[in-house]
Each structure stands twice: as C-alpha cells, then as structure tokens.
Amino acid sequence: MADNKGIYSVAISAQAILDMHSLNNEGGEGNQIQTRMVNIIGADGQLHNVNAISGDMFKHIQAEHLHRLAVAAGLPLSEGARQFNANRVNFDIDAGSELAKALENAKSDPAKLDVILQQCAVTDMEGILVTSGGLSLPRKSVVEFGWVVGVPEYVETDTYFHVKYVSDRSVGARSKAEGDEGRAANIGQAIFHRPASSGIYAIVLNLETARIGFNDLAQRYAVDATARAARLKALLESVLYTFIEPAGAMRSTQNPHIVDFGGVITVSRDVVPAPCLSPLKPDFTGDMTRIVEAINRLRPGAVEMRTFGSMGEFAELMAALIQEATPFTLTLGEN
C-alpha cells in the first residue's frame with residue numbers, strides 16, 4: 001500500500017471459517033454449558049438464530065496482544081496496564097502511583113486526560129472510564145469490534161458428551177483391608193455436556209487511528225508524532241495477531257480450527273471514514289468497491305481498498321501496512 005498521507009482510519013470486513021470452537025459461552029445450567037446465540041436479520045430479510053462471539057471477547061483478545069507488544073516496545077504504561085489489570089488507570093489512582101500524583105496536580109479535566117494519554121499507551125488506544133479518586137473522565141477507545149456473527153445457514157452448534165472421573169477424597173483414606181472394592185467406591189463420574197460450533201462467521205472492525213494520542217476534550221494531541229507512530233504500529237500489529245490467534249474459552253481442548261479468512265481492508269488517508277460493510281451480505285466486496293469508488297470521486301485518493309482470500313494474504317497486507325504506517329494529524333477546522 002503506497003503511502004501518500006498518514007492513516008486516518010482502518011476498517012476490516014471479513015468472513016472467517018472457524019470449526020469446533022467454543023470461544024464465547026453464556027454460562028451453564030446444571031451439567032449443560034450454554035453457547036451464545038443471537039437473533040439477527042439476514043441478507044434474505046428473515047429472522048435467524050445463530051451462534052455468535054461477542055465483540056467484548058475479541059476486544060479482550062486484541063487488548064492482550066497490544067499489552068504484550070507495548071511492553072516489548074517500551075511504550076509508556078500505567079502500572080495497572082503493565083499488570084494487564086482491566087482497571088488500568090483506576091488501579092494506579094487507588095494505589096497512589098506516580099501517575100495518580102500527576103493527575104492530582106493537573107488542574108482541569110483536559111489536563112488530566114493529557115496525563116493519561118502521555119503515561120499510558122494502552123489506555124489511550126483501548127479506552128477507559130476513570131471513576132477512581134472522585135473522577136468521572138471518559139476516554140473513548142480507538143478500537144471498535146462488532147459481534148462476530150455466524151452467517152445464517154452456514155453455522156451449526158452441536159453438544160458433546162463428556163465424563164470426568166473424580167476421586168471422593170472427603171471420606172479420607174480407605175483401609176488397606178478394603179482392597180480394590182474400597183478404592184473403587186471412592187471414584188465417581190462427573191457427566192457434563194459441552195458445545196462446539198462450526199461455520200462461517202462475519203467480522204467487522206473499525207480503527208480510529210487518527211485519534212491515537214488525541215485529547216478529545218482539549219481538541220489537540222497530547223503526544224508527539226513519533227510516539228503516535230509507535231503506538232499506531234503496535235495497534236495494527238495487535239489486530240493482525242487477534243485473527244491469527246483468537247483466544248477465548250475452552251481453548252485447552254477446543255482450540256478453534258481456522259480454516260479460512262477472506263475479506264476487505266479499507267484504509268482512509270483523508271478526513272473520511274474507512275468504509276465497513278457487514279459480510280452477512282453475500283456480495284459485500286462488490287458493494288464495498290462501489291462505496292470506495294464513490295468516496296474517491298469526491299476526494300481523490302482518499303481511500304484504499306485491498307481484498308484478501310486467505311489468512312496468508314491478510315498477514316501480508318497487514319505487514320505492509322504496519323511497515324509503512326504513519327499517523328494522520330487531525331487539524332481543527334479541516335475540511
């Protein structure tokens with residue numbers, strides 16, 4: 001992808017074939033683990049009940065990869081973020097860290113947000129609602145995941161019977177005189193049912209990359225271009241690894257088979273959003289092409305679109321984008 005301007009935003013619309021996974025469940029009832037199902041309107045205009053993985057789950061996966069990359073790259077982190085504590089800055093405030101002292105010295109909400117953006121790259125990109133220390137200070141995430149939704153008629157969830165053999169240790173040790181019969185009485189069977197889903201899943205993702213380091217309250221950047229470029233590269237790399245290794249529930253015995261991954265990456269280099277259309281629509285790539293062409297008629301060269309038909313192609317496109325990525329600089333009053 002040739003670079004003529006910085007990256008204003010990035011969007012990914014893709015379909016993934018995932019087999020035998022249980023990445024997101026709703027809990028259990030008795031000995032039955034319940035998988036997550038949602039109601040959607042398909043491209044046929046009909047209501048469908050399909051398996052889905054929440055955007056929260058994929059956001060957590062991406063944040064975990066970003067945390068590791070940020071630590072490895074030496075990006076500034078709050079102590080909470082460094083420990084991968086979900087409270088991040090709130091953890092620092094409760095612990096009375098150096099960041100907490102800097103926040104106390106800041107006299108206004110915009111100044112406090114400057115401190116947060118400067119001292120914690122993960123909070124800058126993943127967002128937070130700071131509620132500790134009497135504050136109510138929001139930081140909107142630059143990463144937006146939609147639900148990962150099964151395509152109607154192309155996804156199925158089955159339930160599988162499992163048995164766990166357990167020893168009843170509550171009765172203590174049996175005497176040697178009881179022999180094998182006594183030991184056998186100590187063994188029980190825990191029976192449970194575990195779901196596994198397979199199918200084609202629709203994925204949508206938006207990255208507001210121009211907002212990295214941007215103080216929304218003061219309408220200016222709190223960090224310089226060099227720091228924003230380092231954060232941008234870490235963010236894009238974390239997205240790549242999110243789809244290479246989608247962590248989640250039950251991976252120890254139901255690590256998902258990622259069979260295929262295909263779709264569209266759009267990159268905006270002007271003050272227009274990178275288009276994103278749901279892959280629940282069969283010809284979403286064709287419609288995306290028309291959207292990009294229409295935007296580029298209004299603003300020549302504003303949006304780039306690249307299609308990929310495999311995980312390998314996706315990795316190659318993302319690697320090229322990461323290597324040449326430079327941040328877009330927002331300017332007040334820009335047309």
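FYI, side chains are in, hydrogens and waters are out, and symmetry mates aren't considered; it's all heavy atoms of this structure. The residues of the chain are indexed from 1 along the displayed sequence.
- Taking 4.5 Å as the limit, every side-chain heavy atom of Glu293 sits out of range of all side-chain heavy atoms of Met305.
- Rounded to the nearest 0.5 Å, atoms CD (Gln119) and CD (Glu98) are 8.5 Å apart.
- Under 4.0 Å is where a charged nitrogen must lie from a carboxylate oxygen, and between Asp124 and Arg139 at least one such pair does.
- The main-chain N or O of Met125 is found under 3.5 Å from a side-chain atom of Ser141 such that the two form a donor-acceptor pair.
- No donor-acceptor distance shorter than 3.5 angstrom exists from the side chain of Ser97 to the backbone of Ile93, with no hydrogens or angles considered.
- When all heavy atoms are compared, the tightest approach of Trp147 to Ala52 is CE3-CB, 3.8 Å.
- Taking the ring centre of Phe214 as origin, the terminal cationic atom of Arg220 falls outside the region bounded by 6.0 Å and 45° from the ring axis.
- Cys276 contributes atom SG, which lies 10.0 Å from atom CG of Leu207 (distance to the nearest 0.5 angstrom).
- Using a 4.0 Å cut-off between a side-chain N of Lys or Arg and a carboxylate O of Asp or Glu, Glu126 and Arg231 do not qualify as a salt bridge.
- Remark: aromatic rings of Phe308 and Phe261 are close, center separation under 6.0 Å.
- Taking every heavy atom of both residues into account, Ser54 and Arg36 meet most closely at CB-NH1, 3.9 Å.
- A side-chain donor-acceptor contact under 3.5 Å links Asn105 to the backbone of Lys101.
- To the nearest 0.5 Å, the span separating CZ on Phe328 from OG1 on Thr209 amounts to 9.0 Å.
- Judged purely by atom type and a 3.5 angstrom limit, Glu237 has no side-chain atom pairing as donor or acceptor with the backbone of Leu69.
- Distance alone, capped at 3.5 Å, is enough to place a donor-acceptor pair between the His21 side chain and the Leu23 backbone.
- Taking the charged nitrogens against the carboxylate oxygens, Arg211 and Glu208 do have a contact shorter than 4.0 Å, which makes a salt bridge.
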Let me check something: any side-chain donor-acceptor pairs from residues 311-323 under 3.5 Å, sequence neighbours excluded? List them with distances.
unit_1	atom_1	unit_2	atom_2	d
Glu313	OE2	Gly309	N	3.2

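- Contact check for Thr329 versus Tyr221: side-chain heavy atoms found under the 4.5 Å cut-off.
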- Under the side chain to side chain contact (heavy atoms under 4.5 Å, CB included) criterion, do Phe284 and Val264 qualify, and how do the steps go? CA-CA 9 Å; Phe284 72 100; Val264 177; 4.3 Å; yes
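- Across all non-hydrogen atoms, the minimal contact from Ser278 to Val204 is CA-CG1, 3.9 Å.
- Panel note: side chain Asp114, backbone Ala222; no donor-acceptor pair is recorded below 3.5 Å.
- Just one of Leu103, Leu137, Asp94 meets the side chain to side chain contact (heavy atoms under 4.5 Å, CB included) condition when paired with Ser132; it is Asp94.
- Here the shortest heavy-atom pairing between Asp92 and Ala100 reads O-CB, 3.6 Å.
- Atom CG of Leu47 is separated from atom CD1 of Ile41 by 4.5 Å, given to the nearest 0.5 angstrom.
- Scanning all heavy atoms of the two residues, the minimum distance from Pro273 to Ser268 falls at C-CB, 4.2 Å.
- Ring-plane geometry between Phe58 and Phe145 is classed as tilted, the angle between the planes lying from 30 to 60 degrees on a 0 to 90 degree scale.
- By the 4.5 Å heavy-atom criterion applied to side chains, Lys59 and Val143 are counted as neighbours.
- Applying the side chain to side chain donor-acceptor pair (under 3.5 Å) test to pairs two or more places apart or on separate chains, none has a residue in residues 6-16.
- Looking at residues two or more places apart in sequence or on another chain, you find a ring-ring contact (aromatic ring centres under 6.0 Å, His included) between His60 and Phe84.
- Judged purely by atom type and a 3.5 angstrom limit, Asn215 uses its side chain to pair as donor or acceptor with the backbone of Ala218.
- Linking Ile, Leu, Val, Met, Phe, Trp and Tyr whenever their side-chain heavy atoms come within less than 4.5 Å puts Val239 and Tyr241 in one cluster.
- Looking at Arg68 and Glu64, a side-chain N of the basic residue comes within less than 4.0 Å of a carboxylate O on the acidic one, giving a salt bridge.
- For the atom pair OG1 of Thr131 and CG of Asn90, the computed distance is 4.0 Å after rounding to the nearest 0.5 Å.
- To the nearest 0.5 angstrom, Met288 atom CE is 10.5 Å from Ile265 atom CD1.
- Between Val130 and Ser136 the shortest side-chain heavy-atom distance does not fall below 4.5 Å.
- A donor-acceptor pair is defined here as one N or O able to donate and one able to accept, closer than 3.5 Å; no such pair exists between the side chain of Thr123 and the backbone of Cys120.
- In this structure the side chain of Asp287 reaches within 4.5 angstrom of the side chain of Lys281, judged on heavy atoms.
- Looking only at distances, a side-chain donor or acceptor of His67 sits under 3.5 Å from a matching main-chain atom of Arg82.
- Looking at Asn51, its side chain never comes within 3.5 Å of a backbone N or O of Thr35 through a donor-acceptor pair.
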